[in-house]
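One structure below.
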There are 2 protein chains.
Amino acid sequence: MTDVKTAINPLFLREEELRQAIELLFFAYRDSTAEPDRILAKYNFGRAHHRVIYFVGRNPDLPVSELLRILKITKQSLSRVLSQLVEEGFIEQKPGHHDRRQRLLCLTDKGRNLEQQLSEAQLARFAHAYRAAGAESVVGFRTVLLGLINEEDRERFLADRDSQRLPGEH
Amino acid sequence: MTDVKTAINPLFLREEELRQAIELLFFAYRDSTAEPDRILAKYNFGRAHHRVIYFVGRNPDLPVSELLRILKITKQSLSRVLSQLVEEGFIEQKPGHHDRRQRLLCLTDKGRNLEQQLSEAQLARFAHAYRAAGAESVVGFRTVLLGLINEEDRERFLADRDSQRLPGEH
DNA sequence: GTTTTTACGTCAGTCATGTTGACTTATTTG
DNA sequence: CAAATAAGTCAACATGACTGACGTAAAAAC
């Protein structure tokens, strides 16, 4: 644990640890998206379609503006994939109740079907990692990832997800 | 903690937890790449250039084949960004010692300079998250992320990084 | 020592997904 | 009524993936 480098320069281990974190995040993201990508290819869809399907499935009646905020892309970028998904009957739009300018997005049965297919592989991967790591590790995992996220979404996440276990709560 | 849904269906909480993990990973990746992207734009580079610079900086004398294995992209995809980086003097190539077919990749001084610029923002974000979460959370974070990675790279990671703290070791 | 495999590079074409900028429409709000 | 907002559209462009075909030099296999 205390090798030559850390004895001389205590900051070395810190940077080494942080770089390992960068790499772990990269590899985890790379491998977590691989299976969904293969399924999407059969539908001539890409990762962008997955993100839309995922977040619409997760937040029924999602207004377009909110989806744009989540994805942090331009409306023109979203437009292409979203209109494909609507045309092909995976997503339906309906006017907002309070504000009829809004178009609220929902998955159709067809959309929910694809969503489940996509989630199956991904959930299995996460379930495996969670099971192998154990409950304590999961708390740490969530805490660090939350710390990596910009304040706006971090707060939103903590507010929205009431089943969230906060750092000291376990 | 035990709400109506979990009382009826104990699997609900599990899936809810797993979906939160998926989202945390997405948001963390999205926000961790944002600052580097802004710096890269000044050089007319993209995220692909960052990945090459990062992994070459991290593994001096990296053969092209190994870089391809890490990035999991085609050599034609790599070719565009790599030859740009070589032409503009950020990376240099030299023939392998044992195998002269190989071209080993290294950062030049210019390349190291850019690498440091890019890493600065990213390391600060990770340092902040690590500091806020604490040492125990970091262990959990690493353990879960390792579990998300395909076996090949997981093993490679554990083998390469001798300063790695294994689950029971802390 | 010839053949085969490997490491790397290149040319050409395509597709997915992001960008900017300009403009329209419907609706809500001040 | 005027201004702001939610959403959509058209056009042009950049990045970074992909496939497929082909070339060259060095190593490995026979």
Review point. Between atom CG in B/L105 and atom P in C/dA7, what is the gap in whole Å?
Key: 14 Å
**Study point:** Listed nucleotide nearest any side-chain atom of A/R101, set C/dT27, C/dA22, C/dA12
**Key:** C/dT27
Exercise for review: Taking B/S32 for its side chain and B/A28 for its backbone only, find out whether a donor-acceptor pair lies under 3.5 Å.
Suggested key: yes
Review point. Are A/T74 and C/dT19 close enough that a side-chain N or O sits under 4.0 Å from OP1 or OP2?
Key: yes
Check your understanding: When the distance from CZ of B/R69 to P of C/dC8 is rounded to whole Å, what number comes out?
Key -> 13 Å
Check your understanding: Looking only at side-chain N and O atoms, does A/H49 come under 4.0 Å of OP1 or OP2 in C/dT17?
Key -> yes
Check your understanding: Can you tell me if the side-chain N/O atoms of B/R80 get under 4.0 Å from OP1 or OP2 in C/dC11?
Key -> no
Exercise for review: Send over the distance from B/L71 CG to C/dC8 P, rounded to a whole Å.
Suggested key: 13 Å
Exercise for review: Using atom CG of A/L82 as one end and atom P of D/dA7 as the other, report the distance to the nearest whole Å.
Suggested key: 11 Å
Point to revise | Where A/L107 and A/V56 come nearest, the two heavy atoms and their spacing | key: N-CG1, 3.8 Å
Point to revise | C/dT6 phosphate, OP1 or OP2, under 4.0 Å from B/S65 side-chain N/O | key: no
Check your understanding: Rounded to the nearest Å, what distance is computed from the CG atom of residue A/L68 to the C1' atom of nucleotide C/dG18?
Key -> 13 Å
Check your understanding: If you pin A/R100 and A/N44 to their nearest nucleotides in DNA chain C, which one's is more 5'?
Key -> A/N44
Exercise for review: Have a look at B/E66 and say if it touches a base, only the backbone sugar-phosphate, or nothing, with a 4.0 Å heavy-atom cut-off.
Suggested key: nothing
Study note, to complete from the structure: Which of C/dT17, C/dG21, C/dT10 is nearest the side chain of B/K75? It is C/dT10
Exercise for review: Can you label the angle between the A/Y29 ring and the B/Y29 ring as parallel, tilted or perpendicular, going by 30° and 60°?
Suggested key: parallel
Check your understanding: Given atom CZ of A/R103 and atom C1' of C/dT27, what is their separation to the nearest angstrom?
Key -> 12 Å
Check your understanding: Does a side-chain N or O from A/Q84 land closer than 4.0 Å to OP1 or OP2 of C/dA16, or not?
Key -> no
Study note, to complete from the structure: Against the side chain of A/D99, the closest entry in C/dT27, C/dG18, D/dA11 is C/dT27
Review point. Should the ring pair A/F141 and B/F141 be called parallel, tilted or perpendicular, given that the plane angle runs from 0 to 90° and is split at 30 and 60?
Key: parallel
Study note, to complete from the structure: To the nearest angstrom, the CG-P distance between B/D37 and D/dT15 comes to 13 Å
**Study point:** Watson-Crick or G-U stems involving DNA chain D, each at least 3 pairs long, distances under 3.5 Å, ordered by first number
**Key:** C:1-30 with D:1-30
**Study point:** A/V64 side chain, from C-beta outward: closest of D/dA7, C/dG9, D/dG16
**Key:** D/dA7
Point to revise | Side-chain N or O of B/S83 closer than 4.0 Å to phosphate OP1/OP2 of C/dG9 | key: no
Exercise for review: Taking only the side-chain heavy atoms of B/Q76 (C-beta and beyond), determine which of C/dC11, C/dT17, C/dA7 contains the nearest atom.
Suggested key: C/dC11
Check your understanding: Counting only heavy atoms not in B/E120, do more than 12 fall under 6.0 Å of its CD?
Key -> no
**Study point:** d(CD, B/Q93; C1', C/dC8) in whole Å
**Key:** 9 Å
Check your understanding: Which part of the nucleic acid, if any, lies within reach of B/S77 when heavy atoms closer than 4.0 Å are counted: base, sugar-phosphate only, or nothing?
Key -> base
**Study point:** Ring geometry between A/Y54 and A/H50 (parallel below 30°, tilted from 30 to 60°, perpendicular above 60°)
**Key:** perpendicular
